[in-house]
> 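Here it is, the structure in full.
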Amino acid sequence: MHPFLVSTLVVAATWDAWRWYVERVWAEPEEAAALALTIVFLAVLAVVRPPASRAPQPIPLAPVAILLVGYAASYAVLPPIMRAAVAVATTLFCIHVAALRERPPIAFWGQVALALPVLPSLQFTLGYPMRVVSAALTTALLQAHGVMVARQGTFLVWHGEMVQFDAPCSGVNMLWAGLLLALMGCVLLRLPALKVMLAVGLSVTLAIAGNVLRAASLFYVEAGLLPDAPGWWHDGIGIMAFTLSAAVTLWLLGRLRGREAVACTA
């Protein structure tokens with residue numbers, strides 16, 4: 001059976017989970033960005049790294065059947081997002097094998113998890129803790145710059161004025177995007193599990209550091225220390241902070257790949 005036909009049959013078998021997914025992202029299409037990026041990434045990967053054999057690689061039906069049986073057996077028990085997770089994972093597994101004619105590496109499954117509409121859940125569970133951490137680190141950075149600022153919860157206090165770390169300032173979006181980028185790099189380089197874990201840890205650290213740098217820079221704008229700052233600086237500073245974090249992430253992934261190549265040569 002052709003692998004793309006298997007992918008189509010998997011989508012048909014899990015149609016109810018896909019229906020829920022479409023309804024979930026219909027109101028906020030940006031939540032489907034990760035799934036779209038993953039599919040585009042696989043298509044690009046199939047072009048830039050063509051498989052050695054042009055013959056279609058048969059999809060191992062045993063793991064697909066196990067996932068589908070588990071999906072059917074737990075249909076009445078699992079919440080909709082977990083059913084969607086099984087449907088998306090099984091479908092993308094089939095697409096990966098069909099496009100690249102090889103089984104996906106370990107990092108692929110982390111990328112699949114981020115392909116779900118998980119941002120609202122991440123904001124709910126990680127939003128406040130990350131706001132507190134970012135506020136504390138931003139306070140320390142500003143104090144190192146000589147700015148007499150104090151922290152009260154998720155607020156920065158300066159000259160009797162309070163600057164709030166609201167939900168967009170938590171850095172959850174930057175964390176999600178950074179993790180997606182790191183996992184894509186790990187899939188591209190086919191890094192082993194230990195290096196994937198290291199890359200994920202580095203990505204989380206860089207996301208928090210990038211958000212602190214962004215918040216500290218924006219403090220000068222929000223506190224009126226730069227009264228003539230144009231309005232586009234707010235978005236521009238955020239883009240620059242994420243770009244810097246992404247560039248360092250890619251550089252570190254290259255270093256991890258380089259160490260693996262040296263170890264193999266040795």
Side-chain angles (χ1 to χ4, degrees), residues 30-49 81 85 88-89 91-93 95-97 99-100 102-127 129-131 133-134 137 168-215 237-264:
E30 63 273 11
E31 290 190 23
L35 180 59
L37 283 173
T38 299
I39 295 175
V40 171
F41 173 72
L42 291 177
V44 172
L45 205 58
V47 173
V48 301
R49 197 180 65 190
I81 193 169
V88 170
T91 304
L92 290 180
F93 171 78
I95 293 176
H96 185 285
V97 175
L100 300 174
E102 61 185 13
R103 294 197 179 192
I106 188 67
F108 175 79
W109 300 109
Q111 187 179 344
V112 168
L114 292 180
L116 294 167
V118 295
L119 263 179
S121 300
L122 291 177
Q123 286 284 7
F124 179 77
T125 56
L126 299 179
M130 287 193 64
R131 286 162 63 190
V133 171
S134 296
L137 294 175
C169 293
S170 64
V172 171
N173 290 345
M174 187 179 293
L175 173 65
W176 172 83
L179 283 174
L180 184 62
L181 176 66
L183 289 170
M184 283 183 173
C186 291
V187 171
L188 176 63
L189 300 176
R190 298 191 69 84
L191 296 180
L194 184 60
K195 291 192 174 183
V196 171
M197 294 173 60
L198 180 58
V200 168
L202 291 172
S203 178
V204 171
T205 303
L206 287 170
I208 295 175
N211 190 54
V212 170
L213 179 62
R214 166 185 173 273
I237 289 173
I239 293 173
M240 289 180 63
F242 175 74
T243 301
L244 179 60
S245 174
V248 176
T249 297
L250 294 176
W251 179 79
L252 288 173
L253 286 175
R255 297 287 293 178
L256 288 176
R257 176 61 175 172
R259 286 179 178 274
E260 182 180 3
V262 171
C264 291

> Hey, does Leu35 have a side-chain heavy atom less than 4.5 Å from the side chain of Leu92?
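In contact.
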> Quick one: does Leu252's side chain get under 4.5 Å of Leu256's, heavy atoms only?
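When only atoms from C-beta onward are counted, Leu256 and Leu252 do not touch, as no gap falls below 4.5 Å.
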> CE/Met240 to CZ/Arg214 distance, rounded to the nearest 0.5 angstrom?
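So the CE of Met240 and the CZ of Arg214 are separated by 13.0 Å.
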> Where do Ala199 and Cys186 come nearest, in terms of heavy atoms and distance?
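In terms of heavy atoms, the two residues are closest at CB-SG, 3.6 Å.
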> Quick one: CE on Met197 to CG on Leu191, what's the gap to the nearest 0.5 Å?
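So the CE of Met197 and the CG of Leu191 are separated by 13.5 Å.
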> Does Val200 reach the side chain of Leu179, with side-chain heavy atoms less than 4.5 Å apart?
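Yes. Closest side-chain heavy atoms under 4.5 Å.
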> Rounded to the nearest 0.5 Å, what's the gap from CD1 on Ile106 to CG on Leu194? Could you check?
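Reported value, rounded in 0.5 Å steps: 12.0 Å.
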> Between Gln123 and Pro120, is there a side-chain heavy-atom distance shorter than 4.5 Å?
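No, side chains not in contact.
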> So how far is it from Leu253 CG to Leu181 CG, rounded to the nearest 0.5 Å?
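Spacing of CG (Leu253) from CG (Leu181) equals 7.5 Å.
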> Have a look at Val40 and tell me which of Leu37, Leu42, Val44 forms a side-chain contact (heavy atoms from CB on, under 4.5 Å) with it.
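Result: among Leu37, Leu42, Val44, Val44 is the only option passing the side-chain contact (heavy atoms from CB on, under 4.5 Å) with Val40.
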> Compare every heavy atom of Met174 with every heavy atom of Ala241, then report the nearest pair and how far apart it is.
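Result for this residue pair: CB-CE, 4.3 Å.
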> Which atom pair, heavy atoms only, marks the closest approach of Pro117 to Ile81?
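Taking Pro117 first and Ile81 second, the nearest heavy atoms are O-CD1, 4.1 Å.
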> Looking at every non-hydrogen atom in both residues, tell me the closest pair between Arg190 and Pro105 and how far apart they are.
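So the minimum-distance heavy-atom pair works out to NH1-CD, 3.5 Å.
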> I'd like a table of donor-acceptor pairs (distance under 3.5 Å, sequence neighbours excluded) in which one partner is a side-chain atom from residues 108-116, with atom names and distances.
residue : atom : partner : partner atom : Å
Gln111  : NE2  : Thr38   : OG1          : 3.4

> Check Leu122 against Trp176 and note the closest heavy-atom contact, atom names and distance.
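That closest heavy-atom pairing would be CD1-CD1, 4.1 Å.
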> Measure the spacing between CZ of Phe242 and OG1 of Thr249 and express it to the nearest 0.5 Å.
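Interatomic distance, Phe242 CZ to Thr249 OG1, rounded to 0.5 Å: 8.0 Å.
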> Looking at side-chain heavy atoms only, is the closest gap between Glu102 and His96 below 4.5 Å?
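Touching, per the 4.5 Å side-chain cut-off.
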> Look at the side chain of Ser203 and the backbone N and O of Gly178, then say whether any donor-acceptor pair between them is shorter than 3.5 Å.
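Looks like yes, one N/O pair under 3.5 Å.
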> To the closest 0.5 Å, what do you measure between CG (Leu206) and CG (Leu175)?
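If we round to the nearest 0.5 Å, Leu206:CG and Leu175:CG are 11.0 Å apart.
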